[in-house]
Enquirer: 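I have a structure I would like to understand better, so I am pasting it below and will then ask my questions one at a time.
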Amino acid sequence: MFNNGAEMDKFDIVRATEKDRERVQQFLQEHYYPFEPINVAMGLENGHSLADEAHLLGCLREGTSLLALAPDESRTLLGVCINGSIFSDENMVEIASTCSCQRYAKFLWFLETVDRCSDFWKVAAVPIALTCEALAVQGSVRGVGVGKALLEHTVKVARDDNFPLLRVDCSSYYSARLAEQIGLECMYSLPYSQYKDEDGNQVLQPPSPHTELKMFIHRFL
């Protein structure tokens, strides 16, 4: 069994492949969805959108996602960072309005609002970017640098794969702290209290301390 004490300072970061699909799926179900603020705010802490899961697992085909593994012979999966490409010509309104999964559509409309209000693609002025779709760390090793290492290596993946820009949307207070620690630029933030429906009701109410989504970027050109 991997030693997860405070002295733990080494783990291996490797690129994920489609061969890792099954164990990544299980890891997300155990260590991501029950804690991801928007998922919890939608009342899905004991479950998740299968459409969202299919999207995240589909990103493995790109070869830009990362796994954190124990360095010993167990190769225990300690963390996952799902990364994928996004494009300036994608129509988020069409994508959200045609989504057949009501739960995932609710999340997509939120992202559409973030894109529109931040004017992301105009400010970014690039046709493509790499985005961090999900970051999850095994509960027993949180706080020892696994998440930070995964984000730092995501910056390297974006640079090595010639992406002009990296985007990291942090729905969690803790992931936003990690993004700040590695020096990413906060381009936009949207307090959950300001995201309301047509009747003026707050749509998403994540638990404390998660009060806003923060969009971070890093430019390479």
Side-chain angles (χ1 to χ4, degrees), residues 13-29 31-33 36-39 48-68 77 79-96 98-99 101 103-116 118 120-121 123-124 126-137 147 149-172 175-176 178-179 182 184 187-188 213-221:
I13 306 295
V14 301
R15 294 206 187 204
T17 71
E18 286 193 271
K19 293 181 180 179
D20 299 301
R21 183 184 181 95
E22 186 174 338
R23 69 170 177 165
V24 168
Q25 180 180 32
Q26 182 177 353
F27 192 89
L28 292 174
Q29 291 175 2
H31 303 288
Y32 177 69
Y33 288 111
E36 198 284 312
I38 294 179
N39 195 69
H48 58 281
S49 162
L50 295 181
D52 184 26
E53 182 179 74
H55 169 70
L56 293 181
L57 295 175
C59 290
L60 297 178
R61 293 191 297 267
E62 295 190 37
T64 54
S65 297
L66 298 169
L67 308 178
L77 185 55
V80 170
C81 191
I82 305 294
N83 303 314
S85 305
I86 52 175
F87 304 88
S88 61
D89 59 358
E90 290 177 331
N91 187 329
M92 282 298 295
V93 171
E94 180 180 355
I95 293 173
T98 58
C99 180
C101 175
R103 292 173 172 177
Y104 191 41
K106 187 176 182 180
F107 174 65
L108 291 174
W109 279 117
F110 177 65
L111 290 184
E112 188 278 330
T113 300
V114 171
D115 276 11
R116 175 167 40 82
S118 66
F120 171 71
W121 289 110
V123 174
V126 295
I128 185 175
L130 183 68
T131 183
C132 176
E133 300 274 1
L135 176 65
V137 176
L150 284 166
L151 275 185
E152 289 176 330
H153 278 73
T154 293
V155 174
K156 185 177 186 300
V157 166
R159 181 179 64 246
D160 291 349
D161 288 14
N162 298 313
F163 285 92
L165 184 141
L166 170 67
R167 169 176 166 173
V168 182
D169 288 351
C170 296
S171 61
S172 162
S175 60
L178 292 179
I182 68 171
L184 300 186
M187 174 181 162
Y188 176 77
L213 178 140
K214 284 189 171 184
M215 179 197 295
F216 292 86
I217 63 171
H218 184 80
R219 297 178 184 275
F220 298 95
L221 296 178

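All residue numbers in this chain count up from 1 along the given sequence.
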Enquirer: First locate atom CZ of Arg167, then atom SG of Cys132, and finally report the distance between them rounded to the nearest 0.5 Å.
Expert: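 Between Arg167 CZ and Cys132 SG, I get 11.5 Å after rounding to 0.5 Å.
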
Enquirer: Could you check if a side-chain atom of Leu178 sits within less than 4.5 angstrom of a side-chain atom of Leu135, using non-hydrogen atoms only?
Expert: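 In contact.
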
Enquirer: Measuring from Leu165:CG to Ile128:CD1, what's the distance to the nearest 0.5 Å?
Expert: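 Leu165 atom CG to Ile128 atom CD1 measures 11.0 Å (nearest 0.5 Å).
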
Enquirer: Assess whether side chain to side chain contact (heavy atoms under 4.5 Å, CB included) is satisfied between Val123 and Tyr188, documenting all intermediate values.
Expert: CA-CA 11 Å; Val123 174; Tyr188 176 77; over 6 Å; no

Enquirer: Between Thr17 and Leu60, is a side chain to side chain contact (heavy atoms under 4.5 Å, CB included) present by the stated rule, with each step listed?
Expert: CA-CA 6 Å; Thr17 71; Leu60 297 178; over 6 Å; no

Enquirer: For Val80 and Leu150, work out which heavy atoms get closest and say how close.
Expert: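 Result for this residue pair: N-CD1, 3.7 Å.
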
Enquirer: Answer yes when Glu112 and Arg116 have at least one side-chain N-carboxylate O distance shorter than 4.0 Å, and no when they do not.
Expert: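 The answer is yes: the pair qualifies as a salt bridge.
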
Enquirer: Using the benzene-type ring in the case of Trp, are the ring centres of His218 and Phe216 under 6.0 Å apart?
Expert: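 Distance test on ring centres: not under 6.0 Å, no.
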
Enquirer: Of the non-hydrogen atoms in Asp115 and Trp121, which two are nearest, and what is the gap between them?
Expert: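 Answer, listing the atom of Asp115 first, then Trp121: OD2-NE1, 4.2 Å.
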
Enquirer: Mind running side chain to side chain contact (heavy atoms under 4.5 Å, CB included) on Asn39 and Tyr32 for me, showing each step along the way?
Expert: CA-CA 9 Å; Asn39 195 69; Tyr32 177 69; over 6 Å; no

Enquirer: Got a donor-acceptor contact below 3.5 angstrom from the Thr131 side chain to the Glu133 backbone?
Expert: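 Judged by distance alone, no pair lies under 3.5 Å.
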
Enquirer: Mind listing the closest non-hydrogen atom pair of Cys59 and Ser65 along with its distance?
Expert: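 Reported closest heavy-atom pair: O-OG, 4.1 Å.
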
Enquirer: Indicate the ring-plane relationship of His55 and Tyr104, choosing parallel, tilted or perpendicular according to the 30° and 60° boundaries.
Expert: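 The arrangement is tilted - the two ring planes meet at 30° to 60°.
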
Enquirer: How many angstroms lie between atom CZ of Phe107 and atom OG of Ser171, to the nearest 0.5 angstrom?
Expert: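 Between atom CZ of Phe107 and atom OG of Ser171 there are 7.0 Å.
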
Enquirer: How about Ser172 and Glu36: does a side-chain donor come under 3.5 Å of a side-chain acceptor?
Expert: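 There is no such pair between these side chains.
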
Enquirer: Looking only at heavy atoms, which two atoms of Phe163 and Ala129 are closest? And how far apart?
Expert: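 In this case the closest contact between Phe163 and Ala129 is CD2-C, 3.6 Å.
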
Enquirer: Please give me the minimum heavy-atom distance between Phe120 and Met215, naming the atom from each residue.
Expert: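 Answer, listing the atom of Phe120 first, then Met215: CD1-SD, 3.6 Å.
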
Enquirer: Can you name the salt bridge (Lys or Arg N to Asp or Glu O under 4.0 Å) partners of Arg159, sequence neighbours left out?
Expert: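 Result, salt bridge (Lys or Arg N to Asp or Glu O under 4.0 Å) vs Arg159: none returned.
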
Enquirer: Taking Glu90 for its side chain and Met92 for its backbone only, find out whether a donor-acceptor pair lies under 3.5 Å.
Expert: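 Here the side-chain-to-backbone pair does not exist.
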
Enquirer: Return the NE2 to CG distance between His48 and Leu56, rounded to the nearest 0.5 Å.
Expert: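 Separation between the atoms: 9.5 Å.
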
Enquirer: With under 30° as parallel and over 60° as perpendicular, where do the rings of Phe27 and His31 fit, or are they tilted in between?
Expert: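 Tilted, since the angle between the ring planes falls between 30° and 60°.
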
Enquirer: Grab the two heavy atoms, one from Ala96 and one from Ala105, that are nearest each other, plus how far apart they are.
Expert: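 Heavy-atom minimum between the residues: O-CB, 3.8 Å.
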
Enquirer: Start with the C-alpha distance between Asn83 and Thr154, add both sets of side-chain angles, then the distance that settles side chain to side chain donor-acceptor pair (under 3.5 Å), and finish with yes or no.
Expert: CA-CA 8 Å; Asn83 303 314; Thr154 293; 3.2 Å; yes

Enquirer: Using 4.0 Å as the upper bound for N to carboxylate O, is an ion pair formed by Arg15 and Asp161?
Expert: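 Yes, Asp161 and Arg15 are salt-bridged.
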
Enquirer: Just how far is it from atom CZ of Arg103 to atom CG of Leu50, taken to the nearest 0.5 Å?
Expert: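 It is 8.0 Å, given to the nearest 0.5 Å.
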
Enquirer: Is there a side-chain contact between Val14 and Leu66, using heavy atoms and a 4.5 Å cut-off?
Expert: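 Counting from C-beta outward, Val14 and Leu66 never come under 4.5 Å.
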
Enquirer: Does the side chain of Val157 reach to within under 4.5 Å of the side chain of Leu166, using non-hydrogen atoms?
Expert: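 No; the side chains remain at least 4.5 Å from each other.
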
Enquirer: Per the side chain to side chain contact (heavy atoms under 4.5 Å, CB included) rule, which among Leu130, Ile182, Val168, Asp160 passes with Val155?
Expert: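 It is Ile182; the other options fail the test.
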
Enquirer: With rounding to the nearest 0.5 Å, note down the distance linking CD1 in Ile13 to CG in Leu67.
Expert: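 Those atoms lie 8.5 Å apart.
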
